[in-house]
Structure formats: C-alpha cells, structure tokens
Amino acid sequence: MHRFGGSRSLPLVLALAASLAACGGGGSSGGSTPIPGSDPEPTASPGPSPSPGPSPAPGECDESFDGTFEAIQTVVFEREGCTTDACHGSAQSGGLDLRPDAAYANLIEAPSTASPHPRLQPGEPGESFLYLKLLAATSPESGVTVAGGPMPSGRAPLGTERLEAIRLWIEGGAPETGSLGDGTTGSSDHIADLLGACLPAAEPISIRPLDPPPPEEGIQFRMPPFTLPAATELEVCFASYYDFGERVPKRFQDEAGTVFYVNGARLRQDPQSHHFVLTHSGLGASRADDPEFGAWTCRGGDRAGETCDPLDQDSCGSGLCASEVRNSIACIGFGPSDISVDVANEGIGGAQTAQQYIEPREGVFKEVPLRGIVLWNSHAFNLTTQDHDMNSRLNLYFTDDLRLREELYTEISNIYIASGQPPFTVETYCANHVAPRGAMMIRMGSHTHKRGKHFWVELANGTQIYESFTYSDPLDAIFDPPILFDSPDSRERTLRYCATYNNGVAEDGSPDPETVTRRSRMPDRTDCRPVACAEGRVGAPCSGSEDDATCDTSPGAGDGLCDACPITAGVTTENEMFLVIPTYVLPEGVQVGD
C-alpha cells in the first residue's frame, strides 16, 4: 500500500483519516492512522451524508470581518451549528469548545481525544482532525473515515467553498488574527469569496513557533530571521554556527563524537516560503572568522543588529547570531571559495513547501554533523504591502537503529524542460529517472513553479505512484512498504515523471493575460522577450517590448501591450523548473546515480 502524507491534494488524504469526537458521536477510537506502536484501529464505514449546504456565489459579500479566523468563526462554526449548547458549546462534546472566546485555544495544536494527530496542525490540513472531520462529510468520495462520524453531526455538510476556505487557512499557518492572501496574487479576495465575506487586505503571517522536541528525543535548528521586503521575491543564503555536542545523548552519536543519527523530521516556517534547505558547509569553528562571511550580527531578540561572536551560542541572548544575508541561488558563490555544497540534495533538512512532516521509519537513519557552520538557503515571496521577518524551525528526531541509510535525490537533468513554451499554450513534458539497483523508495516529492499545474510519476509498468496539483504545496508521497528496485535491467527501474505547464490559457481555452509569463511582471533578477500581445489584440504575435503598436486594437489606438513571453528557465516563481525528488534507503556501497 502507498500512503500519502500531507493534504496537497484532497483525494490523497485517505490514509490520514481519524478524528476528534464529533458532536453527538461516540468516544470510541477509529480511523486509518493508529498511534505508533498500537494495534490498528478499526475503520468505520461512512453512512449516507446529506448534500452540502449552499454557499454564496463568488464575489458576494454578506458582511465584513477583521481577519480570516474571525470570519471562519462566524460563518462556519457559529452559523453551521457547531457552537450550539448541545454540540461544541457549553456541552463541549469531545472536550472541544468552539465558542468565540475559546475556539482558537481549543483547536491550535490541541490534542484530540480519539487520535494521535492534533485537532489543528498549523500549515498541515492533512494532520488537522477538524479539517478531516469536515472533509469526510463534504466529500465522502474522498474515502476519509473518522471516529465519531463526520462533522457537522446531524446537519448538512459544509459547502465545498467553506471547506476550501478552512483548508487554505490551515495551510497558511492558521493565524488567529490577520488576513490571509493566496499564493498567486497575494490578495485576500479568494478566501473572502469562499466565505461570502469582506476581509482586509492580506498581510504577512508569522506562523506559531514549532516547539522543540524533548531533549532526550530530538534537537531543533532555529533559523536566524531575515527581512523579506514587501512585494518582493528573494532567494538568500547566510551562515550560522552550532554545536550540539553536549545536547545530543551519547547513544545517538558515533564513537568519535563527530555525527549524530536522526530518523524523521518536522519543518515549520512562515507560509511565505517557497523552498528551504539547511546544509552543513563542511567547515568548522576555525573558519568562522573568514572575511567572506561578512559581519556576524544578532537577528531577532533584544540585541538585534549588534555585532556577535558566532561561536558563543549565548552572545545574542534571545536572538541568534548569523552572517550577512546575501542574494544567492542555491548558496552558489556564497562564503569562502572552498565551500562546495549541493542544496538540491537537501543536506541536513529542507522542503519544497512551507511545512513538512517526515514520519520516522523503522530502521532508517541519516547522519548529521554534531557541530559546524551551516548554510541557510531560503526562497520566499512576499505578496503583501508590508515587510516581514521570515522564521523557520526544523526538528530532528534521534535514532540508534542504524540499519537503512537514507538518501534524498533531486533529479535535475531536465530541470528546464519547459523553457521556450510559447505564451497562451498548455504543454506536457516527460522525462526518466533510473533508480539505483537495490534501492528502496520511501518518499517522493516534486518541484515546479506557478505554471506547473499537474505533476505525476509512473513506474516502468505504467502504474501511477504520484500525483500533485499545487506548485506552492506539492504532495509528499510516503510509500509503506517501500518500493523496491531490484531488477538488473535498468528499464525496469525507470520512473517516468511528467508535468503539464499552463502559460496563460483560461479554463474556456481563451488567452489569459493574467496568468501568462509577462516581462512587466518579472522580478529584477530575471527577464524575458515578449512575443505576443497581453493587452489590446491579446494573443496576437508581436516582436519585443518596443512593439506595443502592433498590439493596438486599431491603428493608433494606443491600447496594445507587447508583454507576453515564452516560459523561461530560472529560479524565480515567474520562471520554471521540472524536478522529481525521490528519497531512498540504500544498501551499503550503493549511491544514487550508480
């Protein structure tokens, strides 16, 4: 069986189902994700569900709210009957109180009475049992089954628009205050339309900080914050020093005291993030004074901006000491010339999305140096009108079961396959990746930018094993049991991966100037040459940004704009990439690429 982690695509949350007790439901446990180490829980068969209730048409606005959660509290929890005395009001069915003064504290990372997952996990709808309870009722075809029955109990299911608003709010960090924007335009209008509400302009979100694991279970890396200016997309690199020698229990270290062993991780960062990678530089404490790192200063806390000693872990008080932040693609060219890192293959940790949970797997391990200089590579975009300090935290969980070495691999051989795709077209591209003989695949991810609309992967026999539809939050597929590639014939170990790119075609097939690649919307560090009209005679051919007159609806009208470009290769979300990212456990002596 293949399990799919996260909630990147609604049909693929099947194995995450189970939930908190619903209003009127029983207290028995159930679902398809048992507590680790326990016997599997029985899966309840969903009964017939009433049709979803009506939702206002897009664009309608019943009333105004100060933030996204306030609108959800009123439009969903109160008006759908969740706060009645007999349900999650004074009766607090299942221990859950959804009345206005208590709802948020009762949801955010609060344990469920019937599941190992919390009621609401910031950034992770697929680990949020409130969402799964609602999904089970609204979309019974998803196959989600839940303890105590779907929600709302005894009432019509939520409309799909209401459910999608809740999903987007959770995925965006589930903030208690503030207004969320979407990941394409940055506007709050989409969620407002889903709720039939008026919301303020979107603002940057600081996600609830991830608590570190207990000292005997794991360790946390905390990224020194950096400022992401308003209306800006950046990819940056900077350094910091750490020493966990006294914090990692000896049984999880190697005999020489140079590395420790981990199995599983949780990453949580502000939802403005597009990708994040933490990589060991290969350098130790003696190189911290290299002038190529620039000045070391405190970030955050009461000493922000002060000069600091990177080797003194307490020199910044509640803040963190870090090198200069520099614009750098994949940390290439950052720091001393003898640094040679490959952030594409992750290193200590990373993700192609703002949040990620990698569940520990029996016998699996990877090594992490106990100390040294690390490089933080962050690609983020701020679509709001306010500057924002970006935050990220990575928890790693210890292991001393060292049977299966884990290795993530990013297939980059066809990274720019969509480059040159003309404006106002939809095209699909495919390529191959050969798994090493003897490898077992335990996870898979993918990476495109905003014009990548559909990504899928097939085994050599044509079986589809992966499918994702959201570039900003691609699916993390988990394979349990792993997929074994043991054939001596490389053709039988070949994965075919494909993606469809939409460069400006509307749902009705007409040219869409809002979604096409446009020169006027390119970030400062990239460019393109327009070959089609984006205003006036939309879709007609033209020859560069000086040829606006060709696009006029009539000679001399002055209403034309030659601005639409082919897809370009590059690293901003206005360019495109094409990456498949499998994670293997490998036999001794085998490397990916062998």
Side-chain angles (χ1 to χ4, degrees), residues 3-10 12-13 16 121-128 131 164 167-175 180-184 186 204-208 210 221 223 228 233-235 264-279 330 343-359 376-383 390-395 408-410 443-457 466-478 497 499 571-573 576-583:
R3 286 195 296 119
F4 296 87
S7 60
R8 321 303 188 212
S9 178
L10 295 187
L12 300 178
V13 297
L16 294 174
Q121 184 77 270
E124 296 285 3
E127 292 184 60
S128 300
Y131 172 73
E164 177 65 1
R167 189 189 70 82
L168 291 172
W169 170 66
I170 297 172
E171 189 175 274
L180 277 170
D182 64 51
T184 302
I205 300 300
S206 293
I207 201 165
R208 181 184 176 97
L210 178 64
F221 282 92
M223 182 181 77
L228 182 62
E233 178 175 339
L234 289 177
E235 183 168 349
R266 184 179 290 280
L267 171 68
R268 181 181 295 175
Q269 52 187 334
D270 290 342
Q272 289 75 227
S273 177
H274 180 54
H275 85 236
F276 162 89
V277 183
L278 175 63
T279 309
V343 303
N345 288 320
E346 188 184 89
I348 294 173
Q352 316 301 311
T353 183
Q355 322 298 328
Q356 184 185 62
Y357 175 57
I358 298 174
E359 185 177 5
W376 303 85
N377 173 226
S378 176
H379 180 185
F381 48 89
N382 184 354
L383 300 176
M390 288 294 296
N391 296 278
S392 180
R393 292 168 175 82
L394 173 67
N395 288 353
L408 177 142
Y409 181 76
T410 301
R443 294 196 308 276
M444 176 173 283
S446 63
H447 189 80
T448 68
H449 290 159
K450 64 171 61 174
R451 290 173 182 89
K453 301 300 182 182
H454 182 197
F455 197 109
W456 67 99
V457 182
Y466 181 90
E467 188 172 34
S468 185
F469 295 91
T470 305
Y471 92 93
S472 59
D473 197 20
L475 176 73
D476 294 322
I478 301 168
Y497 60 104
V571 297
T572 78
T573 55
E576 268 308 334
M577 290 185 171
F578 176 56
L579 302 170
V580 66
I581 310 171
T583 298

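These values consider heavy atoms only, across backbone and side chains, with no hydrogens, waters or symmetry-generated copies.
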*Asks:* Could you grab the distance from atom OG1 of T448 to atom CE of M577, nearest 0.5 Å is fine?
*Replies:*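 Interatomic distance, T448 OG1 to M577 CE, rounded to 0.5 Å: 10.5 Å.
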
*Asks:* Could you work out, with side-chain contact (heavy atoms from CB on, under 4.5 Å) as the rule, every residue matching L383, not counting sequence neighbours?
*Replies:* F381

*Asks:* Please report the closest heavy-atom contact between I205 and G172, naming both atoms and the distance.
*Replies:*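 Smallest heavy-atom distance, with atoms named: CG2-O, 3.7 Å.
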
*Asks:* Which heavy atom of A354 sits nearest a heavy atom of P271, and at what distance?
*Replies:*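 Answer, listing the atom of A354 first, then P271: CB-CA, 3.9 Å.
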
*Asks:* Is any side-chain N of the basic residue among R266 and E359 closer than 4.0 Å to the acidic one's carboxylate O?
*Replies:*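 No, no charged N to carboxylate O under 4.0 Å.
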
*Asks:* Should S446 and Y466 be marked as a side chain to side chain contact (heavy atoms under 4.5 Å, CB included) after you check the CA-CA gap, both sets of side-chain angles, and the distance that decides it?
*Replies:* CA-CA 9 Å; S446 63; Y466 181 90; 2.8 Å; yes

*Asks:* Could you grab the distance from atom OG of S378 to atom CG of N391, nearest 0.5 Å is fine?
*Replies:*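 Reported to 0.5 Å precision, the distance equals 10.5 Å.
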
*Asks:* Got a second to check how far I207's CD1 is from D270's CG, nearest 0.5 Å?
*Replies:* 7.0 Å

*Asks:* Establish, from distance only, whether the side-chain atoms of R208 and Q121 form a donor-acceptor pair under 3.5 Å.
*Replies:*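 Note: R208 and Q121 side chains miss the donor-acceptor criterion.
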
*Asks:* Using the test salt bridge (Lys or Arg N to Asp or Glu O under 4.0 Å), find all partners of K453 that sit at least two apart in sequence or belong to another chain.
*Replies:*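 Residues passing salt bridge (Lys or Arg N to Asp or Glu O under 4.0 Å) with K453: none at all.
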
*Asks:* For F455, check ring pair (Phe, Tyr, Trp, His ring centres under 6.0 Å) against everything at least two apart and list the hits.
*Replies:*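 Expected list: F578.
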
*Asks:* Check M223 against M390 and note the closest heavy-atom contact, atom names and distance.
*Replies:*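 For M223 and M390, the tightest heavy-atom pair comes out as CE-O, 3.5 Å.
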
*Asks:* Rounded to the nearest 0.5 Å, how far does OH of Y471 lie from OG1 of T353?
*Replies:*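 Between atom OG1 of T353 and atom OH of Y471 there are 10.5 Å.
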
*Asks:* For P125 and I170, work out which heavy atoms get closest and say how close.
*Replies:* N-CG2, 3.6 Å

